[in-house]
Amino acid sequence: MPFDQIPRYGWCCQYLPPDGDAHAAHRLNPGTVTIATLSKLSGAARTAKLLDVLRRNLGALLGQLDIVAAAPPWRRLLRINSGLLPAYTHPIGQPLYGEPEVRALVEASLARAGAKAESAGIRIGLHPDQFCVLSSANPATLANSLDELEYHADILRMMGLAGGWHPHGAHFNIHGGGRAEGVDGFRRGFARLSEDARNLVTVENDEVSYGLDDLLPLADTVPLVLDVHHHWIKTQGQYIAPDDPRIAVVRDSWRGLRPIAHVSVSREDVLVDHDRDALPDFPALAAAGFKPRDLRAHSDRMWHRGINRFVGIHLEWADFEVEAKHKNLAVDDLERELRGA
DNA sequence: GAGGGTCAAGTCCGT
DNA sequence: ACGGACTTGACCCTC
């Protein structure tokens, strides 16, 4: 079956060994280095420090890909940590990435990573953080945001996943940003991206600034990523149905590729003793004194049977990235719910 | 080795 | 006006 026809779900950025093995956890997860630290180091030591972190991060990525490759086909989806190449877009880091030893390590490792993803049919995504605001009216912010997205395009390019429309379903996903400039502001920023980046970026509804309805006008420009938890918060309780007309708009925005969607659940220690089968009732929770900020926070696990079944019906049309603090263990929860594994 | 201050960046909300 | 949330808390200096 072609990779993009299999309904799938996966985890984001970090792997928790089910047996709690601390050495495995270190080997399989990224680290980082701050700009402040790099700034304090001299030339050779600065490069050495970056190389240390890069070896760890790229090794962790390759290890994560091996784990996902060993999972069943419907679990072959991975979000790569956007901090993979620290300081890549910063003036401190830029020259370091031009050094031969750094380039060789990064290029060779990402080529291997791309080959693993390709051979195992692993769908790849990334998620730049909140500082990436394509709609910003501030020229410096926009310039940083463009750099950041081109960095993400470079990662996918070095993995062999750039050139053309979302190769193998690859994407990097951002939010609409500030409301001030609206979707026209987003379009202005978007137009300044390289062609490769324009073919890789997606936009996701958030809880405060750009809800699903606000993003629909962008469906002709960029694929829409539906986050069902954000939608629930933004609309104060709406569980969108797969046959909702807006879902068709989202689906069409992907131009034939299976869409990506996000799921998360309110924290299990917020909804203590809450019914695990009935979908949480936002108006009732609000009336009971729960604040939106309490309901927004992500759970450790996919602990809610009703939400898991809700994901199950939406898998008909979308692949899901599971946003839970305990990562792959939360995907295991979903797996048990949907497949009885 | 433990503890605590610090970390490149934007935007919104609550106070 | 300012701290916190957002998210993936981790790094790194000091003791």
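Naming convention: chains lettered A, B, ... in sequence-line order (proteins, then strands); numbering from 1 in each chain. A quick note: this is a predicted structure, and the numbers were derived from the prediction, not measured.
A salt bridge between A:R255 and A:D252 is absent, with no side-chain N of the basic residue lying under 4.0 Å from a carboxylate O of the acidic one. Between A:K234 and A:E207 there is no salt bridge, since no side-chain nitrogen of the basic residue lies less than 4.0 Å from a carboxylate oxygen of the acidic one. Classification of A:E337 and A:R305 as a salt-bridged pair fails, no side-chain N sitting under 4.0 Å from a carboxylate O. Note on A:R75 versus A:D332: salt bridge recorded, some NZ/NE/NH1/NH2 to OD/OE distance being below 4.0 Å. Taking the charged nitrogens against the carboxylate oxygens, A:R157 and A:D154 do have a contact shorter than 4.0 Å, which makes a salt bridge. Electrostatic pairing of A:K325 and A:D300 does not count as a salt bridge here, judged by no charged N lying under 4.0 Å from a carboxylate O.
Residue A:D206 is out of contact with every strand shown, counting any heavy-atom pair closer than 4.0 Å. Contacts of A:G177 with the nucleic acid, taken as non-hydrogen atoms under 4.0 Å apart, are absent. Using a 4.0 Å heavy-atom cutoff across all strands shown, A:T89 reaches at least one base atom of the nucleic acid. A:K291 comes within 4.0 angstrom of no nucleic acid atom, judged by non-hydrogen atoms across all strands. Contact annotation for A:Q14: backbone-only contact, meaning every heavy-atom pair under 4.0 Å involves sugar-phosphate atoms and none involves a base. Residue A:R267 is out of contact with every strand shown, counting any heavy-atom pair closer than 4.0 Å. At a threshold of 4.0 angstrom between heavy atoms, the contacts of A:H298 are confined to the sugar-phosphate backbone, with no base atom among them.
Rounded to whole Å, the distance from CG on A:L38 to P on B:dA8 is 9 Å. Rounded to whole Å, atom C1' of B:dA8 lies 11 Å from atom CD of A:Q130. One atom, CG of A:N138, and another, C1' of B:dG10, lie 9 Å apart when rounded to the nearest Å. Counting to the nearest Å, the C1' atom of B:dC7 and the NZ atom of A:K49 are 14 Å from each other.
For the pair A:R296 and A:R56, both in contact range of DNA chain C, the more 5′-proximal nearest nucleotide belongs to A:R296. Both A:C13 and A:T32 lie close to DNA chain C; mapped to their nearest nucleotides by heavy-atom distance, the more 5′-ward contact belongs to A:C13.
Comparing the C1' positions of C:dT8 and B:dG1 gives an interatomic distance of 24 Å, to the nearest angstrom. Spacing of C1' atoms, B:dC7 relative to C:dG4, comes out at 16 Å, to the nearest Å.
At the phosphate of B:dC13, OP1 or OP2 sits under 4.0 Å from a side-chain N or O atom of A:R179.
Checking A:E204 against A:N173 by side-chain atom types alone, a donor-acceptor pair falls below 3.5 Å.
Using a 4.0 Å cutoff to heavy atoms of chain A, the contacted part of DNA chain C runs 5' to 3' from C:dC6 to C:dC12.
B:dA9 has its base stacked against the ring of A:F131, the centroids being under 5.5 angstrom apart at an interplanar angle below 30°.
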Exercise. Report the secondary structure of DNA chain B in dot-bracket form, marking unpaired bases with a dot and bases paired to a different strand with |, and treating Watson-Crick or G-U pairs with both distances under 3.5 Å as paired.
Key: |||||||..||||||
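With a 4.5 Å cut-off on side-chain heavy atoms, A:E323 and A:V263 do not count as touching.
A:H175 and A:H127 have their aromatic ring centers within a separation under 6.0 angstrom.
Using bins of under 30°, 30° to 60° and over 60° for the plane-to-plane angle, the ring pair A:W254/A:H166 lands in the tilted bin.
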